[in-house]
Amino acid sequence: MARAAPSFVCQSCGAASSKWSGRCDACGAWNSIVEEVPLSSGPPSKALKSRGRSITLTDLSSTEPAPPRTASRLDELDRVLGGGLVPASAVLVGGDPGIGKSTLLLQAAAAFARAGLSVIYVSGEEASAQVRLRAQRLGLADAPVRLASETALRDILTTLDAERPDLAIVDSIQTMWADNVDSAPGSVSQVRAAAHELTSFAKRRGSAVIMVGHVTKDGQIAGPRVVEHMVDTVLYFEGERGHQFRILRSVKNRFGPADEIGVFEMTGGGLAEVPNPSALFLAERGTPAPGSVVFAGIEGTRPVLVEIQALVAPTPHSQPRRSVVGWDGSRLAMILAVLEARCGIPFAGLDVYLNVAGGLRVTEPAADLAVAAALLSAREDSGLPPETVVFGEISLSGALRPVGQTENRLKEAQKLGFSTALLPVGGKSGTIAGMTLTQMSDLTAFVGEVFGAG
Ligand code: TYD
Ligand code: MG
């Protein structure tokens, strides 16, 4: 059989081309293109030319029972999964090296095993003895999890097919080696083949499969985004190094809401659940200082209060610095531009640093107003009134737009002892006992209200 023509595949985005080049046309990455033998090296299928059997069609109204779920009783994990683990589902857990994926999945393996599932944990990265040692340290050694250290995908699949566990955990897909694919482990073809084989195993046998995937420095699950399409659920495990908080975020979930988060704390005894993240994120807050503002946000289905910190200082450089941790840099640029154009408050010649405390990454536009408040407070060197929360979206015209779940945000703020909220006009706020709501329709009014005449 003739070997298929070589194909050049970008290891960053998975785009294929027929010739090598230094820069990927699809994603713009440099030096990411590697020659790989394509997965299918057989002749094009003739079968498609002949008639196939006709498939059964149904209508939308056919009733389908909700998938049975198993809860691990790690509530933070169960919520992110959409209420528990669904049989025959394929889950990908991505995250930076060293963030705690193996720890999380070992704890999950033990929790699901204790909840009555048969669980197999395959590590391609650590020897069984290492995993056992970690299990002992975490107090999980008595959980009925069966363990293997293996990277040969064929052997793993044969074993899984024979054992038919309820849950198989594979750490990580980058270490798996499919012997029918002619490229090195960790390459796009190998990762794609491993993810495909494990996903089809899940569908074929009704077992749930959880795979670990490492993330590249620009935040993509290493190499193939194609893997994200194959699986049912994609979770990211994220956090700041040097911070003990870890956030498990669902970015795709065919069996539950996306954008749900679970919060954990890395301790000496493994990952501990954080059932009330607001209290924890605010615990580090001392007396309110200029530049510090509490944002009442929503993460998934849950309100989360978090401190937004800004520092504004004269720059020694011709090009002032704009440095952001935990928020979107281009959104910061937009808010600075709106403050300048609509309120006449310039930030030229000033360095701006913005930080979301606790290692949380905020993606909601509802944080706009809290960011603007933090920037103004830092610039004016004057703190907001104490016990105040802020939220609302800012439009380019300088108008404030109401955001969703206003009432939930206010209730959470009240629960944590806040007495004042600054928010846009509109939005279903209801009345919250013990809270003063100050509602404004545009940013100029906000500046006037909070910092005196704008
Ligand atoms: P690990 O789960 O190996 O990360 P990953 O699989 O994502 O690469 O976690 C490694 C880090 O977690 C390591 O730096 C040590 C820390 N850690 C703790 O702080 N406490 C613990 O109980 C465990 C098991 C790990
Ligand atoms: Mg690991």
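For ligands, and for the atoms within them, numbers begin at 1 and follow the listed sequence.
Between Glu126 and ligand 1, no N or O atom pair is found at a separation short of 3.5 Å. For ligand 1, the polar-atom distance check against Gly270 finds a nitrogen or oxygen pair separated by under 3.5 Å. Not one N or O of Pro97 is nearer than 3.5 Å to an N or O of ligand 1, by distance alone. For ligand 1, the polar-atom distance check finds an N/O of Gly268 within less than 3.5 Å of one of the ligand's N/O atoms. Any N or O atom pair closer than 3.5 Å counts here, and Ser102 shares at least one such pair with ligand 1.
Judged by the shortest distance from any of its heavy atoms, Gly98 lies inside the 4.0 Å radius around the atoms of ligand 1. Under a 4.0 Å heavy-atom criterion, Arg137 is in contact with ligand 1. The closest approach between any non-hydrogen atom of Asp171 and ligand 1 is not below 4.0 Å.
Relative to the six-membered ring of Phe347, Arg379 meets both conditions, a distance below 6.0 Å and an angle of at most 45° to the axis. A cation-pi arrangement is absent between Arg246 and Phe264, since the terminal nitrogen or guanidinium carbon is not both under 6.0 Å from the aromatic centre and inside a 45° cone about the axis.
Taking every non-hydrogen atom of Asp96 and a distance limit under 4.0 Å, the qualifying atoms of ligand 1 come out as 7 (O). Contact atoms of ligand 1 toward Gly269: 22 (O) (distance under 4.0 Å to a heavy atom of the residue).
Counting protein heavy atoms only, atom 20 (N) of ligand 1 is closest to Thr267 O, 2.9 Å. Of the protein's heavy atoms, Arg134 NH2, 3.2 Å lies nearest to atom 3 (O) of ligand 1. Counting only heavy atoms of the protein, atom 4 (O) of ligand 1 lies nearest to Gly100 N, 3.1 Å. Shortest contact from atom 16 (C) of ligand 1 to any protein heavy atom: Met266 CE, 3.9 Å.
Salt bridge Lys101/Asp171: absent, no basic N to carboxylate O contact under 4.0 Å. The existence of a salt bridge linking Lys19 and Glu35 is excluded, since no basic side-chain nitrogen approaches an acidic carboxylate oxygen closer than 4.0 Å. Taking the charged nitrogens against the carboxylate oxygens, Arg361 and Asp328 have no contact shorter than 4.0 Å, which rules out a salt bridge. Using a cut-off of 4.0 Å between Lys/Arg side-chain N and Asp/Glu carboxylate O, Asp142 and Arg114 are scored as salt-bridged. Of the charged side-chain nitrogens involved, none lies within less than 4.0 Å of a carboxylate oxygen, so that Asp78 and Arg73 do not count as a salt-bridged pair.
Distance check, rounded to the nearest 0.5 Å: CZ of Phe112 to CD1 of Ile169 gives 8.0 Å.
At least one N, O or S atom of Ser102, from either the backbone or the side chain, sits less than 2.8 Å from the Mg ion (ligand 2).
With a 6.0 Å radius and a threshold of 12 heavy atoms from other residues, nucleotides or ligands, Arg321 has its CZ atom at or below the threshold. Around atom CZ of Arg154, no more than 12 heavy atoms belonging to other residues, nucleotides or ligands sit under 6.0 Å away.
Protein heavy atoms are found less than 4.0 angstrom from atom 18 (C) of ligand 1. There is no protein heavy atom less than 4.0 angstrom from atom 13 (C) of ligand 1.
The nearest non-hydrogen atom to atom 25 (C) of ligand 1, considering only Thr103, Leu104, Leu271, comes from Thr103.
Under the 3.5 Å distance criterion, the side-chain polar atoms of Ser278 are matched with a main-chain donor or acceptor of Leu305.
In this structure, the side-chain contact (heavy atoms from CB on, under 4.5 Å) partners of Arg302, at least two apart in sequence or on a different chain, are Glu76, Arg79, Ile261, Val263, Pro277.
At a heavy-atom cutoff of 4.0 Å, ligand 1 is contacted by both the backbone and the side chain of Lys101.
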